[in-house]
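Atoms considered below: every heavy atom in the structure, side chains included; atoms not considered: hydrogens, waters and symmetry mates.
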Amino acid sequence: MASLFREQCGLIAVKLRKIKGKTIVSINDHPDIRRALDGFQMESLVVDCTVGGGANRAERQELI
């Protein structure tokens, strides 16, 4: 499963490198994603996730 995730991160990076112009992507901050997107300008921030309602609130790192 982990190798599939890394493969998908690599595919995202390939697609992003082909874009002519600018784009903004918001994705979970994960070491495999950071490795795949090496060379891109990145910023990490904390976001509140409330999947399943406010009682299930959790802070997560998001990579922009």
Side-chain angles (χ1 to χ4, degrees):
M1 190 66 137
S3 66
L4 176 61
F5 179 71
R6 282 191 291 277
E7 181 181 327
Q8 290 173 341
C9 292
L11 291 173
I12 290 169
V14 167
K15 296 292 185 185
L16 288 174
R17 292 186 201 304
K18 290 181 180 181
I19 293 174
K20 295 180 181 178
K22 295 181 180 185
T23 190
I24 297 175
V25 175
S26 175
I27 193 166
N28 291 338
D29 193 348
H30 187 277
D32 288 335
I33 293 171
R34 285 185 169 271
R35 278 190 290 277
L37 299 179
D38 187 43
F40 285 99
Q41 181 179 346
M42 292 182 264
E43 185 174 326
S44 183
L45 61 125
V46 177
V47 295
D48 286 331
C49 294
T50 55
V51 175
N56 297 323
R57 181 186 165 278
E59 288 186 347
R60 299 286 186 250
Q61 289 293 121
E62 190 76 1
L63 191 60
I64 309 293

So do [Y] and [X] actually touch side chain to side chain, heavy atoms under 4.5 Å?
X	Y	result
Val25	Leu63	no
Glu62	Asn28	yes
Leu37	Met42	yes
Arg34	Ser44	yes
Glu7	Ser3	no

(message) So if I apply the side-chain contact (heavy atoms from CB on, under 4.5 Å) rule between Arg6 and each of Ile33, Leu11, Asp32, which one comes out positive?
(response) Asp32

Quick check on the hydrophobic clustering: are [X] and [Y] connected, directly or via other members, by side-chain heavy-atom contacts under 4.5 Å?
X	Y	answer
Val14	Ile19	no
Ile12	Ile24	no
Leu16	Phe5	yes

(message) The test is side-chain contact (heavy atoms from CB on, under 4.5 Å); show your working for Asp48 and Glu59 and say whether it passes.
(response) CA-CA 5 Å; Asp48 286 331; Glu59 288 186 347; 3.5 Å; yes

(request) Looking only at non-hydrogen atoms, find the nearest pair between Cys9 and Ala36 and report the distance. (result) O-CB, 3.5 Å

(message) With rounding to the nearest 0.5 angstrom, report the CG to CD distance, Asp29 to Glu43.
(response) 11.0 Å

